[in-house]
Number of protein chains: 2
Amino acid sequence: MELEQGAAILRRLKLKVTPRRLEIICCLATEYSFLSAEEVWSRVRLRLGSIGLPTVYRILDELAEAAVITRIFLSNRKQYYFLCSNQDHHHHFVCESCHRVEDLEQCGLDAVSREIAQRSGGRVTSHILQINGVCGACCQGHSGVAA
Amino acid sequence: MELEQGAAILRRLKLKVTPRRLEIICCLATEYSFLSAEEVWSRVRLRLGSIGLPTVYRILDELAEAAVITRIFLSNRKQYYFLCSNQDHHHHFVCESCHRVEDLEQCGLDAVSREIAQRSGGRVTSHILQINGVCGACCQGHSGVAA
DNA sequence: CTCTAAATGAAAGTTACTTTTATTTATAGA
DNA sequence: TCTATAAATAAAAGTAACTTTCATTTAGAG
């Protein structure tokens with residue numbers, strides 16, 4: 001992702017365009033795997049020289065709240081993040097071995113939202129759909145990374 | 001849920017049938033809301049007299065790993081748990097206001113598993129599908145509980 | 001250029017679990 | 001029923017993933 005694309009995202013969110021935010025967006029955009037906050041921290045420190053871990057947490061949280069990046073749920077209680085260039089609404093297949101993320105076809109949950117609204121008068125605000133497994137490469141014996 | 005049903009679940013999992021495990025299963029079975037570990041702890045303490053919090057965590061984790069109970073994901077980083085008497089594979093609509101959980105129709109993700117296997121040779125091990133929103137009662141102005 | 005609100009760093013704090021170890025208990029087998 | 005033993009539990013201490021606070025810096029509007 002070009003810097004200008006990151007800047008455009010930040011302007012759309014009415015966030016100031018700062019070097020830290022740009023680096024974090026670029027860092028995630030060049031990864032095919034989901035990353036923990038600490039992993040993002042160590043990567044962007046290489047390029048920025050110094051950045052505080054609370055800043056990383058704050059920026060990741062902003063981006064996740066704005067749905068620019070996706071939270072990945074693992075059974076440990078760490079949060080992981082992934083930025084997908086595909087901006088249509090869709091979901092992910094997450095490899096538990098190498099942490100690579102693949103796109104899935106668009107989800108069919110609009111019907112579910114309508115069902116809930118009609119059945120009980122409720123309102124859907126968000127949903128989580130994440131498929132976990134082991135990707136093709138890892139199934140064929142490539143070693144993954146530690147969770 | 002009767003005690004004997006809880007005992008049957010534990011025997012199926014090859015876990016010893018202990019008063020703590022039975023109380024935790026019964027506690028969750030009589031709730032229409034998802035509960036945190038601390039909430040489970042305070043409820044079962046009323047009936048057991050005393051139980052350690054690590055025991056609660058261990059038992060909840062065992063039951064969640066065995067898919068007897070469902071983990072609920074919120075944006076805070078606490079884990080929540082829900083026991084659904086419906087033992088068919090299905091998913092939940094979670095009210096962010098009152099923490100009540102409603103069943104959804106059976107999910108259509110078998111096709112997704114097949115797609116992944118065919119496309120890349122990967123293997124699906126589990127998935128998370130959770131719909132968040134505000135239930136009918138809460139939309140109509142009933143006050144919920146604090147998250 | 002200046003001003004102001006937003007962003008950041010550093011340090012300390014919080015909390016949701018987790019580990020460890022000694023003790024107790026469910027239960028399989030005698 | 002009794003006993004042995006492996007599993008379960010309690011209590012206390014520990015860990016780690018964030019989070020808060022507050023002083024300083026900086027982006028961006030005017």
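Chain naming here is simple, since letters A, B, ... match the order of the sequence lines and numbering starts at 1 in each.
Of all the residues in residues 57-69 of chain B, B:R58, B:I59 reach under 4.0 Å from DNA chain D with at least one non-hydrogen atom.
The separation between B:F73 atom CZ and C:dA16 atom P is 17 Å, rounded to whole Å. Between the C1' atom of D:dG28 and the CG atom of A:L10 lies a distance of 14 Å, rounded to the nearest Å. One interatomic measurement links the two molecules: NZ of B:K78 to P of D:dC18, which rounds to 16 Å at whole-angstrom precision. One can place CD of B:E38 at 16 Å from P of C:dT14, the figure rounded to the nearest angstrom. The distance from atom CD of B:Q79 to atom P of C:dT18 is 8 Å, rounded to the nearest whole Å.
Among the protein residues, B:L53 comes within range of no part of the nucleic acid, since none of its heavy atoms lies under 4.0 Å from any strand. Using a 4.0 Å heavy-atom cutoff across all strands shown, B:S50 reaches sugar-phosphate atoms only and no base atom.
For CZ of B:R47, the number of neighbouring non-hydrogen atoms (other residues, nucleotides, ligands) closer than 6.0 Å is 12 at most. Within a 6.0 Å radius of CZ in A:R123, no more than 12 heavy atoms belonging to other residues, nucleotides or ligands are found.
With hydrogens and angles left out, the side chain of B:R77 and the base of C:dA16 share no donor-acceptor pair within 3.5 Å.
The side chain of A:P54 approaches D:dT20 more closely than any other nucleotide in the set D:dA17, C:dT8, D:dT20.
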Once each nucleotide of nucleotides 22-30 of chain C is scored for protein heavy atoms under 4.0 Å, what B/S/- sequence comes out, 5' to 3'? ----BS---

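The existence of a salt bridge linking A:R45 and A:E23 is excluded, since no basic side-chain nitrogen approaches an acidic carboxylate oxygen closer than 4.0 Å.
Using cut-offs of 30° and 60° on the angle between ring planes, the pair A:F34 and A:Y80 is perpendicular.
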